[in-house]
Structure formats: C-alpha cells, structure tokens
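We count ligands from 1, going down the list as the structure has it; atoms in each ligand are counted the same way. None of these values were measured; they are calculated from a predicted model.
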Amino acid sequence: MPQRSPALPSSVVAPTTSAVCPPPPDAPTPLLGGLTPAQFMRRYWQKKPLLVRQAIPGLAAPLSRDELFELAASDDAQARLITRFRGKWQLEHGPFDAEELPSTKRREWTLLVQGVDLYHERARALLDRFRFAPDARLDDLMISYATDGGGVGPHFDSYDVFLLQVHGKRRWRISAQKDLTLKDGLPLKVLQHFEPQDEWVLEPGDMLYLPPHIAHDGEAIGECMTCSIGFRSPSARELIGEFLYHLAERGMASRRVRDDERYRDPNQEAVTRPAQLPETFVEQVGAILAGIRWSDEDVASFLGSYLSEPKPHVVFDPPERAASVNTFARQAARAGVRLDTKTALLYGKRSYFINGEEHRLPPRKKWLTELADHRRLEGKRFVTLSADSSMTALLHEWYLAGWVRIGALA
Ligand code: SIN
Ligand code: CO
C-alpha cells in the first residue's frame, strides 16, 4: 500500500520570502544541492539529471489547492485534466469549474495548470530563484495537483525542467533510455517502453532537475502538488518559421526590395498546358528568395521580440485609478516599482524588448537594464536613477499599460 501524505489543507501557502534575484553565480546554494549556479550550469545544465534533497527547506505550496482550482476555472489559465480511470488515459482541456473536476477522494487523476507565474506573485517569486539561467530560456511555472496514483505517465520533454515537490510525496522514476517511441492512439504522449534506471520519492522542498529527453514518470503517493519550472529550447523548425515570418512582417528589413520589384515574364510563350507551373516562375522566385540576407542584429531583433511576446491569452490589467506622472513618481520614490508578473523585459546590445515590442536602448540605459535584471527598483534606487527624467515618463507609460506596478510586492 502506498503511504499516504496528510490531506492538503486548502489554505497552506508559502511564505513570501523572496530570494536574492538574480541569484549570484558564485554563491553555493541549497537550491542546487550546495553547488553554485556557475557549477550547476557547467556540470548539469543540458547534460544530466540532479536530485536535490531540501532544495528549499520549509517550502510550502505557492498556491493552495483551492487557489489552483480557482485559476483552473478562469479563462486566463491553461489547464489540463488527465485521468487514468479504469486503466484508460484521458485528457481534457480547461477551463474547469470546481464541480467539473473529479472528487479529490478519487484516485488517479491530475490537474496541470501552466503559466501560474503570470497570475500569482508567490509563483513568480519562486521562478525568480532560477534566474541564474537566462530569461530568454525561461518558459513558465506549471503546477500539478494529483490524487494518489495520479500522474501523466512515462514520457519525455524537450525542455529543461526543475521538478520541485511542494506538497505531499511523489515517486519519480527516470531513465536515459534511447528508445523514445510513443504509444499510438493515446490523447497524451506516453512512452511505449519505459525502463527506469533510478527511482526516488520526493518530499516537500526536494527537487529533481532533468535535461531534455530524459524519460521520466512521476506518480503521486497520496495527494500531492509539484511545481515544474520549465525552460524552453525552441526547435530549429519553429525558429526558421518564426524568423521568416518576422522578416516578412518587417518588410524583409535586410533585403533591399524595390517597391516595384515583382515577378516578370515578358518572354512567356503561349501554353497548351495552362495548369502546369512554369519552370521560369520557379527559377525567378528562387533567385528573389536567394537574395534574402540578414544580420546578427536582425536575429537579435527577432529573438527579443519573439521571446518577449506575451502568450495569446495574456491580457494586462491597467491600474483602476491611474496616478498622474507626478503622483506616480512620488509613490515610486517611496515604494519602488516592479515589473508586472506578466511582463517580459529583455535587452540586447542595441535594443530592448518589452512584451513583444522592440525599441532602441536609450543613451542612459542603466535604469532599464537594472529593472530588467532585477524585475524591480527599490524606492531609493528609483530616486537615484530618476535624475534621467525620460525614465520616469517611460515607466509611467508602462504603469498605465499595466506592465509596471508601484511597490515592491503586492
Ligand atoms: C507533473 O507534474 O505531473 C508532470 C510534470 C512532468 O513530468 O513534466
Ligand atoms: Co515531463
């Protein structure tokens, strides 16, 4: 009989103590089992799994079960329900009202909610602990809730993932097997043959890091909750498609296209097979396409815009009673400013990217890079940096758009 963990109280949430953000690369941390982030990146990142006992001692779930169910009921969240009742895998997509979910007393189901960091400051704060890896790689924080025996089956991901146990126990079994063939005819990706090589039971605060393509299976031992901190690695296919779209949208910035340039066929002869694609058409278009050129700057412009683009369902909430620029400056000087949980702010050599928009970095850019790296500016820092009045004006604009908030934490 599996050992049952105590029932999940609906009100237990993590303390809002946030760690230093971004974490210093050369300081050993319990989060990585006593390694420094620099050592972890060199030895494990994209290379091999790492089990860390008590990565965050005393950690409680960033959301209570009720808060997670509430999020799963809203249009904002991307929720999936996976059941394995009577041995049959089933998958449904949310939103789910609480009464649509199976009873928490029933075994073998799991609810997965993506992008929790966008909606809860505590989840965002948890994600911030992992900012020793670039934001450009970060995807989101997913929380799964499962009843005894629940899970998503043995599978692999193309992502790097930190699986952090936040309530109850989960048995993880992993394998570096080469055979990643999936079972046919199932609504979710389940491996045909799973040959576990290692097995551990994780308790609250324990964490397992997995690089892409390590087969894994997590089964709840009693009611449990797991946070997945996922880092995306876009595929070459996705990058090529999106980059070409970006170039086309920007009028192919790097290829000098004359306004009147188009396909011409003054030598076209009369045809007897009108449905046949003319060879010359193919050749001429090939020559036009072969002239497309791009620079590293175009690639950076694409990546920054693409990676900071909010997911399609994301909507920003402007302040209900918006402060004027002067009131904003006064309040920010006292309480500081922070990026909204949904805001992505990246920067490159020449540009910065905020929520999918690209702009040139201002000549005095310190405030902007500092805000991007820390996601907040303390009141005192705001005052020091606001000697540059363009900063206050721009931050006020972002505040009006709901991209920036006043205060250190809600
Ligand atoms: C889960 O939390 O149940 C699934 C996470 C994963 O295996 O990627
Ligand atoms: Co997985």
Side-chain angles (χ1 to χ4, degrees), residues 2 5 8 46 48-51 55 59 61-63 65 68-69 71-72 77-84 89-94 96 101-102 104 107-117 123 126-127 130 137-177 180 182-183 186-191 194 196-233:
S5 57
L8 180 64
Q46 295 256 296
K48 56 183 178 182
L50 175 66
L51 171 75
L59 175 73
L63 264 70
R65 182 179 72 190
L68 189 72
F69 287 5
L71 192 55
Q78 294 169 299
R80 283 168 296 161
L81 171 67
I82 295 173
T83 57
R84 200 188 180 187
W89 287 110
Q90 281 195 303
L91 164 71
E92 274 180 70
H93 291 274
F96 303 104
L101 295 173
T104 54
R107 296 185 73 248
E108 293 194 299
W109 65 271
T110 182
L111 173 75
L112 309 161
V113 186
Q114 298 281 158
V116 181
D117 50 298
L126 196 53
L127 208 56
F130 295 84
R137 289 280 269 104
L138 187 62
D139 192 34
D140 73 344
L141 183 124
M142 179 183 88
I143 300 188
S144 68
Y145 162 85
T147 59
D148 188 39
V152 301
H155 67 283
F156 67 93
D157 299 306
S158 311
Y159 280 23
D160 297 82
V161 67
F162 293 90
L163 298 156
L164 178 63
Q165 195 59 19
V166 295
H167 179 84
K169 296 183 192 181
R170 187 184 279 276
R171 176 180 299 106
W172 283 104
R173 295 182 301 155
I174 70 165
S175 168
Q177 66 190 58
L180 296 177
L182 299 173
K183 282 190 181 165
L186 291 184
L188 59 159
K189 291 180 176 171
V190 177
L191 286 168
F194 180 50
Q197 294 161 343
D198 281 300
E199 172 176 327
W200 305 280
V201 174
L202 269 64
E203 304 205 3
D206 292 346
M207 185 174 80
L208 177 61
Y209 161 74
L210 297 178
H213 295 126
I214 292 287
H216 55 286
D217 185 20
E219 192 183 306
I221 303 177
E223 199 178 30
C224 90
M225 245 196 211
T226 307
C227 286
S228 298
I229 296 98
F231 290 82
R232 65 178 151 189
S233 332

Given side chains that start at C-beta, do those of H213 and S158 come closer than 4.5 Å, heavy atoms only?
yes
R170 heavy atoms within 4.0 Å reach ligand 1 at atoms 3 (O)
Closest to atom 4 (C) of ligand 1 by heavy-atom distance, out of T110, V152, I82, V161, is V152
Does the residue W172 have a heavy-atom contact with ligand 1, meaning some pair of atoms that are separated by less than 4.0 Å?
yes
Would you check the N or O atoms of H216, main chain and side chain alike, for any that come under 3.5 Å of an N or O of ligand 1?
yes
Do any nitrogen or oxygen atoms of S144 lie less than 3.5 angstrom from nitrogen or oxygen atoms of ligand 1?
yes
In the protein, what heavy atom is nearest to atom 8 (O) of ligand 1, and what distance, to one decimal place, separates them?
D157 OD2, 3.3 Å
Any side-chain to backbone donor/acceptor pair from D140 onto Q114? Under 3.5 Å, distance only.
no
Any idea which N/O/S atom from D157 gets closest to the Co ion (ligand 2)?
OD2
Measuring only between side-chain heavy atoms, which start at C-beta, is L126 closer than 4.5 Å to L164?
yes
Show which atoms of ligand 1 fall inside a sub-4.0 Å distance from at least one heavy-atom site of S228.
5 (C)
What is the distance from atom CG of D217 to atom CG of L191, rounded to the nearest 0.5 Å?
9.0 Å
Geometric class of the Y145/F69 ring pair [parallel <30°, tilted 30-60°, perpendicular >60°]
perpendicular
Sub-3.5 Å donor-acceptor pair from the side chain of Q177 to the main-chain atoms of L180, do we have one?
no
Any chance you could measure L63, atom CG, to I143, atom CD1, to the nearest 0.5 Å?
5.0 Å
Of all the atoms in ligand 1, which lie at a distance below 4.0 Å from a heavy atom belonging to H155?
6 (C), 7 (O), 8 (O)
Of all N/O/S atoms in H155, which lies nearest to the Co ion (ligand 2)?
NE2
